[in-house]
Amino acid sequence: MAEPASPGEGKPEQAHHVLVPPASVSPSAPEQGAVADTDLLLAATSISKAFAGVPALVDGRIRLKRGSVHALCGGNGAGKSTFLNILMGLHRADAGTVMVKGRVVHYASAAEALADGIAIITQELSPVLDMTVAENIYLGREPRRLGWFADKAKMEADAAALFARLGFDIDARVTMRSLSVAKIQLVEIAKAISRESDILIMDEPTSAIGEKEAATLFQAIRSLQDQGVGIIYVSHRLTDIFSIADSYTVFRDGRFIEAGDLADIDRQRLISLIVGRDLRDQEARDSTSTGEPMISVSGFARHGQFEDISLDLAKGEILGLYGLMGAGRSEFANALYGNAPKDAGTVTIEGRPVEIRSPSDALSNGIAIVTEDRKETGLVLTSSVSENVVLAALDQFSRLGLVDGKKVASNVDGQIARFRIRTASRDLPVQSLSGGNQQKVVLARCVETEPKILICDEPTRGIDEGAKREVYAFLSAFAAAGNSVLMISSEIPEILANADRILVFRRGRIAGELKGAAATQEALVHLAS
Amino acid sequence: ADPVRIAAVVQSLDTEFNVLWANAANEHPLVKDGSVKLTVLDGRMDALTQSNQFDTAISEKYDAIIFVPVDIDAGNDPVQRAKDAGITVIGSNTLISNTDLYNAYIASNDVEAGKMLAKSVFDKMGGKGNVVIGEGMIGQSAQVQRLQGIEETLKDYPDIKVLEQKTANWSRAEALSLMENWLTAHAGEINGVIGENDEIAIGALEAIKAHGLDPKTIPVAGVDGVTDALLAVKRGEMMSTLQDADAQAQGAIDLALVAKQPDYKPQAKVWDVNGGKLAWEGGKSQHYSVPWIPVTLDNVDGLLEMRKTQ
Amino acid sequence: MSTELTTTAGAAGARSQAIGRFLSRYGILLSFLILFVILSFAHPNFLSTANLMNVLRQVSINGILAIGMTFVILTGGIDLSIGSVLALTGVVAGSLVTGGDPYNPAIAFFAAVGVGALFGAVNGTLIARFSVPAFVVTLGMLSMARGATLLYSNGRPIPNLSPEFRWLGQGFIAGIPVPVIIFAIVFIAAWITLRYTVYGRWIYAVGGNVKSAKTSGIPTRTVIFSAYLLMGALAGLAGMILTARTTSALPQAGLGYELDAIAAVVIGGTSLTGGVGSVVYTLIGALIIGVISNGLDLMGVSSYYQQIIKGAIIVVAVLIDRSRNLNP
Amino acid sequence: MSTELTTTAGAAGARSQAIGRFLSRYGILLSFLILFVILSFAHPNFLSTANLMNVLRQVSINGILAIGMTFVILTGGIDLSIGSVLALTGVVAGSLVTGGDPYNPAIAFFAAVGVGALFGAVNGTLIARFSVPAFVVTLGMLSMARGATLLYSNGRPIPNLSPEFRWLGQGFIAGIPVPVIIFAIVFIAAWITLRYTVYGRWIYAVGGNVKSAKTSGIPTRTVIFSAYLLMGALAGLAGMILTARTTSALPQAGLGYELDAIAAVVIGGTSLTGGVGSVVYTLIGALIIGVISNGLDLMGVSSYYQQIIKGAIIVVAVLIDRSRNLNP
Ligand SMILES: Nc1ncnc2c1ncn2[C@@H]1O[C@H](COP(=O)(O)OP(=O)(O)OP(=O)(O)O)[C@@H](O)[C@H]1O
Ligand SMILES: Nc1ncnc2c1ncn2[C@@H]1O[C@H](COP(=O)(O)OP(=O)(O)OP(=O)(O)O)[C@@H](O)[C@H]1O
Ligand SMILES: [Mg+2]
Ligand SMILES: [Mg+2]
């Protein structure tokens, strides 16, 4: 099993000297398969899984030590979630062995994994929306009275205590439905932590939350680490990985590529391992703003969410919206797009006032949006990739109401290539794509509408380093062509690198504007909080 | 004096015969002149619903209840309850197994109908050959008793063979498909068709025609004398036996009223005192059997005329 | 300044939310009360104890079925077979109690509930274990159970049921009809189960999001199975009561009862997609349906108009309930 | 060693996957073919042209309804009112063609389809505009339309329909029954619409995720409304054909037809939650239902056993189709 993993795509010779056989990297590799030492919590070897004949995972491996935070890295569709779901008993592997605390296991259900002290934060947030936060957290292990009865009071008390300990500001008695995506993710995190398991799997736990919450999460992780918990951490935010993890494993195209200690590897090389080719650091883009106004918004308000928001967006400009979680950016964006009602506010596009009551109004005025929550408001999960990509632009692909299949196919294939969407076929249902690839489909859909104004709410959520570059490149090209972008992001580096100008939201109001040299991490955080 | 209040609990106003029955009841002279207030309750072909409607009628203290039961056994208990509450109960059209509970009842004997039905078909077949039987909704008294009549008649016709026997749930559409399939299964073997009601017979008739067969060569018969059946008889395509809705409905009202006031003079045409065939006997007897009227080419036009006014 | 704005705004939002919440919680109750008041004015005897007892007795069978259906629908499923299963349990129970010994009620009870549970178990297995859509399984069972009923009873009613048994449908305890008492017990048990027990939480969780229920280690299949098992058992109970009321076991009993039961649940506001709802609302739904028929019969409305009015009332009742959703 | 294991296991996995993929696409077709072959061996006349024409003629009415129902269910809705609407359109159309002029078929067509579309529009408005659950609205309409039918016809059949009109149900064109031809036209039109038109895409999108559809600028309410409108119109068409077949307009026609139509759709594999499915599968579903009754009638299976077998076959047919889901 020490054979050099296959290089995958990318120039072979360059790939070869990048890739090092795992054995020489991870010191404990030679004992793989043998009875493991006591502080080896989990060891999985040559796990494979195919969905309807399409291989998702070919050779998945990991070795997790007690008290370590192990980063599982890989591009979108590399097989991380599939692998983790197998460890958790949510999928069944076609082949391979999983060893937990020295014992070979074949979980048929998550219940068995939980019983063995494994917990997971799944990538796709799936709360029971109509139950309260507390009920969600203690789902399946409700505190009981008299054996049969669920102790609601205790549940809520415990949940409240838990949030207090983690420093999350969430009311345990409200229903999940009333929470923002961000808060839902926090609840999932709290839920997993509260299980006090030995092995904690986190599949992109920070994809929906801001820096502030991420920081609190990291504190929690460190204290768990001290208690000897082993954590598998998946994220596309490499900064986070380098700040929190101590060892890493890289998958590419469903194959194990390399494992080792983060101390022995630098960011550049990790990226090249993940994407299978070298990526130059992205050169800072210089503003392409023409100064002539594209869209100007004034006095936008939705009581309880945001108040008198006014902003001007010039042609060729990328305007960033930064704010802490719950600052009201998404609500503003949705109201602007006509997807949510507003109480006040006017819009003028290229000098003429427009009334946007519904998304179709927005689209016909050349506005497109990448919504914050791809599952809820972004995709039709049951429909195919190609149907999703052209959904908002069908009129361009039809004559007399008849869809031109050929035209659709060629366009969709173009988008699949442009955003490197990893799918076996354009006719597969979107729900069969990996999380990041689903996000790319949303982007592709917006591009298809050929908008003048693009609103992106956390556009790179959950997509890998390689694809992020594609997206950034696309956005600046899009702007350079005289269009405008409104970019909501909670990732400071991202917004600093891509926005010409940044508006900071605080509690539903614009707290200030930053541009050029003034725009620094400190300044943003200061204005936002 | 304020009007006599009578509740009529019928099987289902979705079926033509019950509708004719109800219309006839509303045509009763005393109902028309307002001295009797008649409320028709629709049993929706459900014995429990009828039982509930009895409870309602009882708590409403109606003076009398006229009952057309869905089920022959399930009917007993509600009648008992009404009796206990001191309410006059008159049976009509279909029976309950314990008819002694009734103050009186007026009906046409369904066993007899079954016999006439079978006989008419068998005779036309020359007493030998294969028949198929389309049955009503299984378990309902009309189905049970008409089938009994048919089976008893079969004993007298040893050369008649029953090829198929299946429920069409009183429905014309069901009978249509059923017969189409039978005609394919037994191509050229079916010599006669018995429908436990006219709807079924007519459905079979349509299937026969759709199969390009001449209805006159395959005797078809039903019971009730619904309008389409009368028309078919007139065309010489089927046989039917009319069940006299007027007699059963208006007669029942007469019996309800005479139970209140012995000197009451009946109104229904069917009574001998009004020139009809059925002996009134001063309303004293407990069981009145309304004769079936075989529909013939001679009387069909008259019946169709009458139907226009019903 | 900013705070001011926010607060006022907040207040406005809060108020409309409060109304929304009230409607969403009590809307259907409101509809019921309106209906109730109208009927009591429309007819003097409507409010008489005798009549209210009638209504309750009439509601009890559909009510029991609707409670079972609430469990099934909460898990995101549906059961169309209950009408037939009810008939089958009725004839089976009936066939066992034509004799006259005092244990009859017990015998009938175990027979009916047992047979019902058995058929429920078959539904549950096919749905939970073999993931055949509930609609198909129970539609098939609707046909199969009816056939079995006719076969078992030869298509003939089973008469002469023992008086002890019939007491279950016609007797009174302290002036309250036995079926009503049984219904009340079932209702309270179901209410406690769904509201306070762990099993209740699991029912909601499975219906709300089966994926996260699985991830949380809930035995989702067992939970789903159990809902159909329970539904079957309750169909048996209802079949027993109905047979005892009609005093003979009818093979054609229960035709279309599934629709009434589902209607009661849905009118109550339980969503067919599962996860939200309560037996309390189901009770109100069942009462609405029962009161309509009773009231219209009392007023002697002709049956054609009755059907029109009944349909209209059902829609309007729910319209009032849902009116909170009117803004897009 | 471990590698061995892997490969073998992998191969096995792949094979089962392949089978799964096949079943998932052609499972229900497979079930149908099995059934078809069995029946053609079971009875000599089953395969006769005459009988196949019978089957098609018998299927055409449920088939037309099921096609409309496919649209409704694809949007995530349901329509229980079609049986009653069918009866109403039947009596309305019938009442207009008791005379004898040659334009009768046209008159009846427009009357039936028009009335059906009208009631569909009412359903659609209440559901799409006032967001009352489809189940409640159409259940109410089931009752209202039936009442209206009985009122309009005084609960009595309307006889003496003109021969020109009856030709719609009983006539032939080139040896093919007219109802079958109408059914074929409806099917092809529906198939093209769902597969190749923008509107078709909208139907799927709305059913798959109404929020995302809205975000993509799709007029979701109009789309939902249109589905019920179409369903109503097709119910009218079916009502016209049924009336023409039964030679007089029957107020009690169509009882329970909604269940058969939904069954055809669901057996075909269209999920009741919406977004996935196709009229092709619906056609197969309708054929399965039709062929079962026809076959069992041919073989002279008794009513009782027929119901049991019919139910069993439906479940098994879908079980074969779904057997791909067996592993967790
Ligand atoms: N249910 C499924 N059916 C079919 N294919 C699937 C399914 N789930 C995952 N796949 C495929 O398996 C591959 C790996 O998916 P996976 O979700 O494991 O990737 P990932 O590493 O988690 O990517 P991301 O970083 O975007 O989350 C993808 O190509 C995806 O299309
Ligand atoms: N679906 C929702 N239902 C109810 N309230 C919501 C919903 N989504 C967000 N909110 C609330 O609206 C406010 C703004 O949330 P929103 O998500 O728009 O903030 P944001 O600026 O977009 O930050 P982020 O996108 O990082 O969460 C917060 O108070 C949040 O709790
Ligand atoms: Mg993933
Ligand atoms: Mg947001």
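In the text below, chain A, chain B and the rest are named by the order of the sequence lines, each starting its count at 1. Being a predicted model, the structure only gives us computed values, none of them experimental. Only heavy atoms go into these numbers, but all of them, side chains included; no hydrogens, no water, no symmetry mates.
- D/Ser81 and D/Asp79 form a side-chain donor-acceptor contact under 3.5 Å, judged by distance and modelled atom types alone.
- A centroid separation of less than 6.0 Å is found between the aromatic rings of A/His91 and A/Phe51.
- Highest contact tally toward chain D, considering only A/Asn388, A/Leu391, A/Leu381, is held by A/Leu391 [criterion: heavy-atom pairs under 4.5 Å].
- Using the six-membered ring where Trp is involved, D/Phe71 and D/Tyr199 have ring planes that are parallel, under 30° apart on the 30 and 60° scheme.
- For chain D, the nearby part of A/Tyr337 is the side chain; its heavy atoms alone come within less than 4.5 Å.
- With a threshold of 4.5 angstrom between heavy atoms, A/Val442 does not approach chain D through any atom at all.
- No other option in D/Ile192, D/Thr215, D/Thr197, D/Val198 has as many heavy-atom pairs under 4.5 Å with chain A as D/Thr215.
- Looking only at atom types and distance, the side chain of A/Thr377 has no donor-acceptor partner in the side chain of D/Ser212 under 3.5 Å away.
- Here OG1 of D/Thr193 is found 11.5 Å from CD1 of D/Ile188. Values are rounded to the nearest 0.5 Å.
- Inspection of non-hydrogen atoms places no residue of residues 261-270 of chain D under 4.5 Å from chain A.
- Ranked by non-hydrogen atom pairs under 4.5 Å with chain A, the options D/Ser216, D/Gly275, D/Gly200, D/Gly217 are led by D/Ser216.
- When all heavy atoms of A/Asn437 and A/Leu433 are compared, the closest pair comes out as CB-CD2, 3.9 Å.
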